[in-house]
Amino acid sequence: MQEKVEVSKFALPVDEEHKATELRLLSAAGPHMRAFHLAWLSLFTCYFSTFATPPLLPVLRRHLHLSPVDVAHAGVASVSGIIVARLAMGPACDLLGPRVASAALALLTAPAVYAASAVSSPTGFIVLRFVAGLSLANFVANQYWMSSMFAPGVVGRANGVSAGWANAGSGAAQFLMPLAYSCILRLSGSPSFSWRAAFLLPATLQVVGALAVLAFGQDLPDGNFVSFSRSQEKRSSRKPTSKEGFWVVVADGLGNYRGWILCLTYGYCYGVELAMENVVAQYFYGRFGLGVEAAGLVAACFGMANVVSRPAGGMISDAMGRRMSSLGASMAVMCCFAFFVQAASGLTYGVVPFVSKRSLGMISGMTGSGGALGGVVIQLLFFSGTKYSKETGISLMGVMVLVCTLPVSLIYFPQWGGMFCGPSTSEDDDPEEDYHLLK
């Protein structure tokens, strides 16, 4: 009877760990749905800030005297720092909780976005893109938070929707930044002042999002990490013990081959997405002669596809280069491409919560770092310098994606099986213990 009384304090139905077993998108009830909306909104602002620059490159190139090499280096810089930052964010979430970890990173990187308003050299531009891009490590905190709040039956959907809506921030930036620039230009008449003033928008949104997470968020269904008692920890999703210190968690995560396969797979779905966000507006601006606003609007379709594509990948998880000569055909292919590459990202992160409960943060960080590393490799191989045209680079990238995602077929779980064979554990074994200690 006492258990029923405790469960009734939640607005959503929950399991024995007080994780929600339903995802109600139109609800903001605490703690589950409030955490959901805070997580995606905060990460949305980080994506908006990181990709606020690419749609304005036609203007920035003239005012900052950026060469094609400078633009390419800035694109690499914007995603390279995430490799280490995401790897570190996993253990940070394990130790501090996703709320404090994500808010701290957003607040630390926001000054770089503000500083973009005062940048005056190619070197400063590259450095600021690097620092601003670090905020995307909050993706790990976002997925960690969802895995802590939602039960296995819906966590794929929660991860997919939260990440998809957040990633749409990159598409929103492609559309809104040129619009903000144009509106300010009409009022001021100064192109230099207009693009500098426009960068105040993403920076302010990022700060507001971080403060909202700190003020209204909650790490776990029963409270925050720092205020948890030992009795509550036994019922939470974290379940630490005195023997499971920081390095034990890290070692278990690094020793799990499934995490490395997900790292590679994610590198060539999410990594592709990162690279495309940096070049897609320039592609339509240069190839079809579109203006800044029009190129940004078309490019926004790629990022905004996340609203439905990532959730679609998460739902699938729960349930189980040809050149174009016309603008219309190119847009159609891009939208189709965006849907599947982003759905694959959602599907990959839908598997992460099942790899290891003890090292959830580490596995999440490894996977997220793989996505960033994939973005850097793709950017360096196909979109840096003049060796390949944008069209050829995109085609070669597609071939690389096909080859590098094949190892996903090797993932095997003793209690659930794999692609080619069934489970190896008997019905008498404790699946929760295997899941907790899985390697």
Side-chain angles (χ1 to χ4, degrees), residues 44-79 109-133 135 168-208 276-304 327 331 379 383-386 390:
F44 178 98
T45 65
C46 294
Y47 273 97
F48 192 103
S49 294
T50 299
F51 294 105
T53 300
L56 294 182
L57 278 175
V59 179
L60 298 177
R61 280 202 300 257
R62 295 196 301 270
H63 289 268
L64 298 179
H65 308 292
L66 301 174
S67 68
V69 174
D70 293 328
V71 173
H73 286 172
V76 172
S78 68
V79 296
T109 54
V113 188
Y114 278 117
S117 298
V119 68
S120 58
S121 68
T123 301
F125 175 72
I126 294 171
V127 170
L128 291 179
R129 285 221 68 191
F130 172 83
V131 177
S135 67
S170 59
Q174 299 277 8
F175 168 64
L176 292 177
M177 287 301 289
L179 184 62
Y181 164 76
S182 298
C183 290
I184 299 173
L185 180 61
R186 293 188 186 99
L187 294 174
S188 68
S190 170
S192 179
F193 172 81
S194 299
W195 71 258
R196 293 178 188 279
F199 276 102
L200 298 178
L201 173 62
T204 302
L205 289 176
Q206 185 169 318
V207 170
V208 171
M276 285 296 294
E277 292 288 2
N278 273 324
V279 303
V280 67
Q282 301 173 64
Y283 170 77
F284 283 100
Y285 178 85
R287 183 169 176 80
F288 298 104
L290 300 180
V292 174
E293 286 186 61
L297 178 60
V298 173
C301 297
F302 187 91
M304 294 303 292
L327 175 61
M331 287 181 61
Q379 189 93 27
F383 302 111
S384 294
T386 57
K390 292 282 191 301

Test Leu205 against Phe44 for side-chain contact (heavy atoms from CB on, under 4.5 Å), laying out the working first.
-> CA-CA 9 Å; Leu205 289 176; Phe44 178 98; 5.8 Å; no

Between Phe130 and Val76, does a side-chain contact (heavy atoms from CB on, under 4.5 Å) hold up when you go through it step by step?
-> CA-CA 8 Å; Phe130 172 83; Val76 172; over 6 Å; no

For Asp70 and Arg61, what are the C-alpha separation, side-chain angles and deciding distance, and is it a side-chain contact (heavy atoms from CB on, under 4.5 Å)?
-> CA-CA 9 Å; Asp70 293 328; Arg61 280 202 300 257; over 6 Å; no

Please assess Val79 against Asn278 for the test side-chain contact (heavy atoms from CB on, under 4.5 Å), listing each intermediate value before the final yes or no.
-> CA-CA 10 Å; Val79 296; Asn278 273 324; 4.3 Å; yes

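Put simply, the side chain of Met177 reaches to within 4.5 Å of the side chain of Pro202, judged on heavy atoms. Looking at Val292 and Pro55, their side chains never come closer than 4.5 Å, going by heavy atoms from C-beta outward. With contacts defined as side-chain heavy-atom distances shorter than 4.5 Å, the pair Leu60/Thr53 qualifies. Between Leu185 and Trp195 the shortest side-chain heavy-atom distance does not fall below 4.5 Å. Within the 4.5 Å cutoff, no side-chain heavy atoms of Val119 are placed close to those of Phe199.
Side chain of Arg129 to main chain of Thr50: a donor-acceptor pair is present (N/O by atom type, distance under 3.5 Å, no hydrogens or angles). Checked by atom type and distance alone, the side chain of Ser182 never pairs as donor or acceptor with a backbone atom of Leu179 at under 3.5 Å.
Aromatic ring pairs are classed by plane angle as parallel below 30°, tilted from 30° to 60° and perpendicular above 60°; the pair Tyr47 and Phe51 is parallel.
Closest heavy-atom contact between Ile184 and Ala198: CD1-N, 3.9 Å.
Taken from NE2 in His65 to OG in Ser121, the straight-line distance is 10.5 Å, to the nearest 0.5 Å.
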